[in-house]
Amino acid sequence: MTVDHPLIKAVRPLVEAVGAEIVDPVGSENGCIPLEWEGKVVGAVRVLTLHDALDRLVTQVEAELGGKLAELGRVEKQVAVRLLDERGAFRLRKSINEVADLMEVSRITIYNYLNSIRGE
C-alpha cells in the first residue's frame, strides 16, 4: 500500500472518523473494502468490530473536549455524555457502567445526565 497515494490521503480522515483502518490490500482478509484507483487496488478499509466501539467513541470525545473524561468538569462531563449518547455509545452493553468508571462518577449520575439530555 502506498501511504502517500492521493486516494489514501483523501479517505484517511473519513476512515478514521468512523473507527475503521486502512490496510494493505495484499493479504487483507474477507470483509475488507478495496480502495480502487484507475483500475488498481491501492489499499483496503477494514471496518472494526463493535468489540472496541466504546473505546473508540470515548477516545474521540476526549479528543474533542481536550482531556480524559475523569479530568473534565461537571458541565464538560454532561457534554461528553450527550456526545456519547448521540453517537450511540449507550446502546452498547454495560456502557453506562464503563463510562461512569471512566468519569469517576456513579452510574446514577450518568443516568441523571441522560435523563436531563433526553428531557425525561
Side-chain angles (χ1 to χ4, degrees):
M1 168 182 70
T2 309
V3 227
D4 61 343
H5 191 280
L7 180 59
I8 302 296
K9 284 182 174 180
V11 300
R12 184 175 307 282
L14 174 64
V15 168
E16 291 173 355
V18 298
E21 63 182 338
I22 297 175
V23 296
D24 194 313
V26 178
S28 62
E29 67 275 355
N30 293 337
C32 286
I33 303 162
L35 296 172
E36 191 172 319
W37 182 273
E38 297 178 347
K40 181 181 176 193
V41 177
V42 296
V45 175
R46 178 184 299 137
V47 179
L48 302 177
T49 64
L50 285 178
H51 176 72
D52 296 319
L54 185 59
D55 289 339
R56 287 192 312 270
L57 291 169
V58 166
T59 300
Q60 288 173 351
V61 167
E62 287 176 336
E64 286 177 41
L65 297 179
K68 295 288 185 188
L69 295 183
E71 299 167 357
L72 301 176
R74 182 175 179 264
V75 172
E76 292 167 313
K77 286 181 181 183
Q78 291 171 334
V79 170
V81 168
R82 180 182 51 78
L83 292 171
L84 290 168
D85 189 38
E86 288 172 355
R87 296 170 189 181
F90 298 116
R91 294 183 183 153
L92 300 169
R93 189 169 186 251
K94 298 186 179 184
S95 58
I96 299 256
N97 292 338
E98 290 184 44
V99 171
D101 289 345
L102 291 169
M103 285 191 173
E104 298 178 355
V105 299
S106 71
R107 65 185 180 83
I108 299 303
T109 298
I110 302 297
Y111 282 116
N112 287 338
Y113 290 169
L114 287 170
N115 288 340
S116 175
I117 291 163
R118 296 173 180 168
E120 297 172 2

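On a predicted model such as this, the values are computed, not experimentally measured, just so you know.
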Could you walk me through whether Ile96 and Leu114 pass the side-chain contact (heavy atoms from CB on, under 4.5 Å) check? CA-CA 10 Å; Ile96 299 256; Leu114 287 170; 3.5 Å; yes
I'd like to know whether Glu98 forms a side-chain contact (heavy atoms from CB on, under 4.5 Å) with Asp101, so could you lay out the CA-CA distance, the side-chain angles of the two residues, the decisive distance to 0.1 Å, and finally the verdict. CA-CA 5 Å; Glu98 290 184 44; Asp101 289 345; 5.6 Å; no
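In the displayed structure, Arg74 atom CZ is contacted under 6.0 Å by at most 12 heavy atoms of other residues, nucleotides or ligands. Heavy atoms from other residues, nucleotides or ligands lying under 6.0 Å from CZ of Arg107 number 12 at most.
Note: the hydrophobic cluster containing Ile33 does not contain Val41 (ILVMFWY, side chain heavy atoms under 4.5 Å, direct or indirect links).
Put simply, the side chain of Val61 reaches to within 4.5 Å of the side chain of Arg87, judged on heavy atoms. Side chains of Val99 and Leu54 form a contact here, defined as non-hydrogen atoms less than 4.5 Å apart. In this structure the side chain of Met103 reaches within 4.5 angstrom of the side chain of Val81, judged on heavy atoms.
The distance from atom CD of Gln78 to atom CD1 of Ile110, rounded to the nearest 0.5 Å, is 10.0 Å. If you take CD on Gln60 and CD on Glu16, they are separated by 10.0 Å, rounding to the nearest 0.5 Å.
Of all the heavy atoms in Leu7 and Glu36, the pair that sits closest is CD2-O, 3.6 Å. The two residues Ala44 and Cys32 come nearest to each other via the heavy atoms CB-CB, 4.1 Å. Considering all non-hydrogen atoms of both residues, Ile8 and Val42 come closest at CD1-O, 3.8 Å. The two residues Ser95 and Phe90 have their closest heavy-atom pair at OG-CA, 3.2 Å. Closest approach of Gly67 and Leu72 over heavy atoms only: O-CD2, 4.1 Å.
For the pair Glu62 (side chain) and Leu69 (backbone), a donor-acceptor distance under 3.5 Å is present. Under the 3.5 Å distance criterion, the side-chain polar atoms of Thr59 are matched with a main-chain donor or acceptor of Asp55.
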